Amino acid sequence: MTCSQPTSSAYRGRFAPSPTGPLHFGSLVAAVGSYLEARSRHGEWLVRIENLDPLREVPGVSGEILSILDAMGMEWDGDVVYQNKRHKLYKAALATLERQHLIYTCTCSRKEIADSTIMGIDGPVYPGTCRGRSLHKGRLGAKRLRTDNKPIEFNDALQGRVRQRLESAIGDFVLQRADGVFAYQLAVVVDDAEQGVTHVVRGEDLLSSTPRQIYLQQLLGYPIPSYLHIPVAVDAQGTKLSKQTCAARLNAYDPVRQLMKAIRFLGQRPPAELINEDIASFWKWATENWKQEMIPRKTAEIC
Ligand code: GLU
Ligand code: ZN
């Protein structure tokens, strides 16, 4: 950690957007939820740009995300971290798992895996075809992590008790793709630990990823943060907001109106007059009156 990083804190949260498209209302909700959880407890709030996959990164979007956060009056602690600058850390974590004989090279095609008849909660369950193979340093293929069926359990602050058996629900999962790109599951765990994140607040669409992350934290000897999965905004068809749906690109105009909408979505009840106030007054009200217990558990329709 460099000296520009925040000092140690009892609460350290983060917002970790992927710059695959402009910020929309759904991402604002995740940003605001994590920000208010942190600030209402006098905690720190970090921003990390999750740009692992160069093919999915849209040029200019990282800068746009940061300027919108800035326009919204959301101040982050320390320097913004970019995942594309941290390959060394992910490589070292993968090497630690390799030494535990938990990694193997998988050469199955997408089609071969899709033909696996078992559908899990997050797509087809990898049937373990390449499991018996040893890790071939030179062989091209994806690096998969061996899983088992010991249940992984945790208490989500909003969603309650979650329990998952990785081997049957997910299967051995990829930590590094055949083209060398590190997987989100590995990078997020390495970064949350390396950055000292104590509390993860993010969209409920990632709830089914959390057991994979806890499994990795256990194997790598990292502390396990607290988790809070907030509802995600969906459109009238029940699809998560994304560039493809009705989600309008956020703009830097009228920040208070957009922030009011975001905290209402999170179950808070700001007085209507707050809309006429400036950003600083909005944040003062929102931090002082933030109530985690008012966040609805379910996804809500937004357009
Ligand atoms: N980068 C992920 C996304 O934008 C979020 C990762 C996380 O919060 O763990 O969906
Ligand atoms: Zn395989």
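Quick note: residue numbers are just sequence positions, from 1. The shown structure was predicted, so the numbers you read here are calculated from the model rather than taken from an experiment. One-based numbering, in listed order, for ligands and for the atoms of each.
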NZ/NE/NH1/NH2 to OD/OE distance under 4.0 Å, Asp156 and Arg161: no
Ligand 1 N/O within reach of Leu206 N/O, cut-off under 3.5 Å: no
Pair Arg110 + Glu112, salt bridge at N-O below 4.0 Å: no
Close-contact set for ligand 1 against Val188 heavy atoms, below 4.0 Å: 9 (O)
Atoms of ligand 1, numbered as shown, that sit under 4.0 Å from any heavy atom of Glu50: 1 (N), 2 (C), 5 (C), 6 (C)
Contacting atoms of ligand 1, where contact means under 4.0 angstrom from a heavy atom of Tyr184: 6 (C), 7 (C), 9 (O)
Close approach, Phe15 and ligand 1, non-hydrogen under 4.0 angstrom: no
Aromatic plane relationship, Phe182 with His87 - under 30° parallel, 30 to 60° tilted, over 60° perpendicular: tilted
All side chain to side chain contact (heavy atoms under 4.5 Å, CB included) counterparts of Arg177, not counting sequence neighbours: Asp53, Val174, Asp179, Val181
Note: Glu194-Arg86 ion pair, threshold 4.0 Å (strictly below): yes
OG1 on Thr210 to CZ on Phe154, rounded to 0.5 Å: 4.5 Å
Crowding at CD, Glu75 (>12 non-hydrogen neighbours, <6.0 Å): no
Salt-bridge contact Arg48-Asp192 (side-chain N to carboxylate O under 4.0 Å): yes
Any Gln213 heavy atom less than 4.0 Å from ligand 1: no
Given Trp45, Tyr35, Trp290, the one that forms ring pair (Phe, Tyr, Trp, His ring centres under 6.0 Å) with Trp283: Tyr35
Numbered atoms and elements of ligand 1 in range of Ser18, under 4.0 angstrom, heavy atoms: 1 (N), 2 (C), 3 (C), 4 (O)
Residues Asp77 and Arg39 bridged, charged N to O under 4.0 Å: yes
Residue Arg14 vicinity, atoms of ligand 1 by number, heavy atom under 4.0 Å: 7 (C), 8 (O), 9 (O)
Tally of protein N, O or S atoms, where distance to the Zn ion (ligand 2) is under 2.8 Å: 4
